[in-house]
Amino acid sequence: MIFPRVKAVIGIIALLVLIAGFHYRMEIQQRYPEFDPTLMATGIFFLAGIIYAVIDRNIIIAFITMAVAVAIPYLRQWIVVYWPY
């Protein structure tokens, strides 16, 4: 079946984009000053989760993906407030 491979490829691409976005954050911010890695991570997670939900035909996964995508910036803010770095 082709769908498990498509899901694996989507996961790998999402992971590679996240790694590249965090690794090259300074270079990206030089060209696009409003770039925020947290919003990039939220967007990548949202797109990968929605594509996964459509392939799997599962609306519960879509709702969970939307809830987690909304919660990521709040979780980052909470972590920064309680564990400053």
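Within the structure, the salt bridge (charged side-chain N to carboxylate O under 4.0 Å, His left out) test picks out no pair touching residues 32-54 (sequence neighbours left out). The salt bridge (charged side-chain N to carboxylate O under 4.0 Å, His left out) analysis of residues 38-52, with sequence neighbours excluded, yields no pairs. A ring pair (Phe, Tyr, Trp, His ring centres under 6.0 Å) check over residues 47-80, counting only residues at least two apart or in different chains, returns the pairs Trp78-Tyr82, Trp78-Trp83. Identified under the ring pair (Phe, Tyr, Trp, His ring centres under 6.0 Å) test for residues 5-41, with sequence neighbours left out: none. The salt bridge (charged side-chain N to carboxylate O under 4.0 Å, His left out) analysis of residues 51-67, with sequence neighbours excluded, yields the pairs Lys7-Asp56. Judged as a salt bridge (charged side-chain N to carboxylate O under 4.0 Å, His left out), not a single pair has a partner in residues 61-73 (not counting sequence neighbours).
Residues that satisfy the side-chain contact (heavy atoms from CB on, under 4.5 Å) test with Ile64, not counting sequence neighbours, are Ile60, Val68. For Ile10, the side-chain contact (heavy atoms from CB on, under 4.5 Å) test picks out Val6, Ala48, Ile51, Ile55, with sequence neighbours left out.
In this structure, OG1 in Thr38 is found 10.5 Å from CG in Leu75, a value given to the nearest 0.5 Å. From Thr65, atom OG1 reaches atom CZ of Phe45 across 5.0 Å, with rounding to the nearest 0.5 Å.
Follow the hydrophobic side-chain contacts under 4.5 Å out from Ile13 and you reach Met40 in the same cluster.
Taking each heavy atom of Thr42 and Pro73 in turn, the nearest pair found is OG1-CD, 3.8 Å. For Ile61 against Gly49, the heavy-atom pair with the smallest separation is CG2-O, 4.2 Å.
By the 4.5 Å side-chain criterion applied to Ile, Leu, Val, Met, Phe, Trp and Tyr, Leu16 is assigned to a cluster that also includes Ile12.
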